[in-house]
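Each remark here refers to the structure printed beneath this line.
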Amino acid sequence: MAKIGVFTCWCGENIARNVDVEKVSEAIKNLPGVACSMNYKYMCSEPGQSLIASQIKELGLTGVVVASCSPHMHLKTFRKTCETAGINPYLIEMANIREQCSWVHPDKEIATAKAIELIHMAVEKVRRNHALAPIKVPVTKRALVIGAGVAGIQAALDIAAGGVEVIVVEKEPSVGGKMAGLSETFPTLDCSQCILTPRMVEVGQHPNIKLMTYSEVEKVDGFVGNFKVTIRKKARYVDINKCTGCGSCWNACPLKGKIPNAFDYNLGNRGAIYIPFPQAVPARPTIDAENCMRIKSMAKGKELCGICSKKCQTEAINFHDKDEFVEVEVGAIVAATGYQLYSIKKEQENPNIKGYGEYGYGKYKDVVDSLQFERLISASGPTGGEPQRPSDHEVPKTVVFIQCVGSRDNAKGISYCSKICCMYTAKHTMLFKHKVHDGQAHVFYMDIRSGGKMYDEFVRRAIEQDGAQYHRGRVSKIEEIVVDGKKKLRCYGADTLAGQPCVVDADMVVLAGAIMPSSGVTSLAQKLSVGYNEYGFLSESHPKLRPVETNAAGVFVCGACQGPKDIPETVAQASAAAGKALIMLSQPMLTREPEIAKVDENLCAACGACVKACPYQAISKEQVLDRRGNLIKMTSRVNQGLCMGCGTCVAVCPSKSIDLIGFTDDQVYAQIEALCE
């Protein structure tokens, strides 16, 4: 005999404003199986939970329905309350009468009627619920961090400091990411490399960290606590265990200073064998196979050049090196793949993003993006920290900075704000003024968004102390002209505050491109079974309560791969992801929710429809054998560690042999019948 307690929450005014809570409670009392129906202002509070617990004990309730907000918010809270009071935590249901009722129905009569129906449905379901036990999964006490920018470095160091082994995979030859190429950081203007380099060195030397640079994740199998990851170690053509980093090879390369350096965004040059920048970790060279004369000639049956190999006294260079595949087992994965700038001059993979040809990026040498400008003013950059025009290497006297190039532009770019552009543009105007004392910076902006500790003061300093002229308006066109025998970039803009056109003849233009996810992140997301939005940013499980977790159990995100953010926020989120990973890896066994798919092998026809449909690769075809080991039939089986309970397999199964535990056909049909009464 079912004895169900129904507890309706006011949620302050969130529910009670549009739902007559007292009327709901009275109506629910008359439903079959309902032993009590009560309401309280804040059911999730300690008094509210105590009310539920006391009724469970006094009345001997066999099930509980809590009518309140989304179960994403408090289902675990109420399950814990029920378990403490003595009933199975899976004998509770939540009726969402806030998001699905009061917030969407301003008419109180309609909202009240709907609330009663939602609770009625929940009562019918909980009458058919069964006691369930959590699934226990073994755990491999090792973590994988993908990406070694400041986010990946911080996450790896925190996990390693917790006594857990970490494997760090970085696709570039060195760790450091975008931050390693910055000059100074806002709002303190401290040297980027000065604060990052010690951590780069630490991540390369930590006994609990295995660093795999110039490598990429090729494949991810397994499930939470038991991932099997295949990593491609790209051919480096240099044995970093033999190499001492003496520099003889790259100094002897005949192509030294002739190949564009990607780390300097092609503003500087390097050789065919190189280290990306002086502080690189590991400080070991890589051979660029596409430009190396020896490797290119070997493809034609010849052996040209090879000077670097002759200069190497440790015989560390191997021109016959091949890609290597390494399989590792890890319990948790942290994605920290960083960002890239919006491509200003050409269309992206997204056909809705059109680029800004009118700004002359890629056409005029003196129109650069913000990361290129960072390298031009960095002490380790191609000009030694002295601002120079790429066209003629003269010091620019007038520089125009254009913000929101791609951001907040539904017509040609992307709809979101890139968050950090206002701040780094203000920083650029300061650094320019510090290096060119008689220079003048002009900033064209839409709005100044400087939300952060000391951020607004920083922007005010750029304007009031360093004299940057801010023009509220956009630039419509840039054209190259000649004034007194020198090339200039004429910027046609508007100052909406002054209410007039604004034309500036600049020596150089810097475009603050929008922040976008790194290339290849969507492919990685599919390997990890992690969701992503229309722009490729990885999706968190809950924006407020679970900001670094994903819907793929055991996979965490941090840094700019999740959305645009500054360095302090990135570091904080990386530590949060590391903390979540450590919590998970600290357990001898992992506990998972039991609400997963289950196959009735007597009905299964082994057609494979569920295998193809499962987004988590949690279903496979297996043999059913008799006692003698003879094959009886084939059937589908669910891996309990991989299944996320999405129900896709249930929907596609033609023989109706799959049910979702906790959401069976019997339970769903009972809810529908309750709605139709």
Side-chain angles (χ1 to χ4, degrees), residues 1-8 24 27-28 30-37 52 56 60-83 87-101 114-135 551 592-604 610 613-614 616 618-619 636 638 640 643-677:
M1 179 71 179
K3 296 181 69 176
I4 299 168
V6 179
F7 302 91
T8 306
V24 169
I28 297 300
N30 302 319
L31 294 179
V34 174
C36 71
S37 178
I52 296 173
I56 291 173
L61 300 180
T62 60
V64 170
V65 171
V66 178
S68 59
C69 57
S70 167
H72 285 290
M73 299 286 289
H74 293 299
L75 180 58
K76 288 185 178 180
T77 301
F78 292 119
R79 278 182 173 173
K80 187 67 177 177
T81 300
C82 291
E83 186 176 24
I87 68 172
N88 188 278
Y90 298 96
L91 297 177
I92 175 179
E93 288 295 324
M94 289 189 69
N96 186 350
I97 62 171
R98 189 179 73 174
E99 286 87 345
Q100 295 179 0
C101 189
K114 182 176 180 179
I116 294 171
E117 291 178 343
L118 289 172
I119 297 171
H120 187 186
M121 293 168 66
V123 168
E124 291 304 315
K125 182 175 186 298
V126 83
R127 288 177 65 187
R128 293 159 178 79
N129 279 12
H130 300 283
L132 302 175
I135 299 169
N551 287 330
R592 297 207 57 210
E593 298 295 339
E595 295 157 320
I596 61 172
K598 183 180 181 180
V599 178
D600 185 341
E601 296 184 3
N602 294 321
L603 296 177
C604 180
C610 56
C614 180
Y616 302 100
I619 307 178
S636 292
V638 177
Q640 293 186 343
C643 181
M644 299 299 291
C646 68
T648 303
C649 56
V650 180
V652 301
C653 179
S655 62
K656 302 300 178 185
S657 58
I658 307 180
D659 241 340
L660 195 61
I661 298 173
F663 299 90
T664 63
D665 286 350
D666 181 42
Q667 291 169 315
V668 174
Y669 288 144
Q671 288 182 283
I672 295 172
E673 288 174 2
L675 184 62
C676 296
E677 287 182 3

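What you are looking at is a predicted structure, and each value in this text was computed from that prediction instead of being measured.
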What are the two closest heavy atoms between [X] and [Y], and how far apart are they?
X: Ala115; Y: Cys101; value: N-SG, 3.7 Å
X: Ala597; Y: Cys643; value: N-SG, 3.4 Å
X: Ala95; Y: Leu118; value: CB-O, 3.9 Å
X: Ala27; Y: Ile116; value: CB-CD1, 3.7 Å
X: Ser70; Y: Glu99; value: N-OE1, 3.1 Å
X: Leu91; Y: His130; value: CD2-C, 3.7 Å

Stepwise side chain to side chain contact (heavy atoms under 4.5 Å, CB included) check, Val64 with Ile4: CA-CA 5 Å; Val64 170; Ile4 299 168; over 6 Å; no
Calculate, to the nearest 0.5 Å, the distance between atoms [atom1] and [atom2] belonging to [X] and [Y] respectively.
X: Leu61; Y: Cys36; atom1: CG; atom2: SG; value: 5.0 Å
X: Asn602; Y: Ser657; atom1: CG; atom2: OG; value: 10.0 Å
X: His120; Y: Gln671; atom1: NE2; atom2: CD; value: 10.5 Å
X: Asp666; Y: Glu124; atom1: CG; atom2: CD; value: 10.5 Å
X: Tyr90; Y: Ile661; atom1: OH; atom2: CD1; value: 11.0 Å
X: Ile92; Y: Phe7; atom1: CD1; atom2: CZ; value: 9.0 Å

Close side-chain approach of [X] to [Y], heavy-atom, < 4.5 Å:
X: Ile97; Y: Thr8; result: yes
X: Val65; Y: Met94; result: no
X: Val638; Y: Val599; result: yes
X: Leu603; Y: Lys656; result: no
X: Ser68; Y: Arg98; result: no
X: Cys604; Y: Ser636; result: yes

Decide, yes or no, whether a salt bridge links [X] with [Y] under the criterion of side-chain N to carboxylate O below 4.0 Å.
X: Glu593; Y: Arg79; result: yes
X: Glu673; Y: Arg128; result: no
X: Lys114; Y: Glu117; result: no

Hey, is the main chain of [Y] close enough, under 3.5 Å, to the side chain of [X] for a donor-acceptor pair?
X: Arg592; Y: Pro134; value: no
X: Lys125; Y: Phe663; value: no
X: Thr62; Y: Lys3; value: yes

Glu83 vs Asn88, side chain to side chain donor-acceptor pair (under 3.5 Å): CA-CA, chis, key distance, verdict: CA-CA 6 Å; Glu83 186 176 24; Asn88 188 278; over 6 Å; no
Among residues at least two apart in sequence or on other chains, which ones pass side chain to side chain contact (heavy atoms under 4.5 Å, CB included) with Val650? Ile658, Leu660
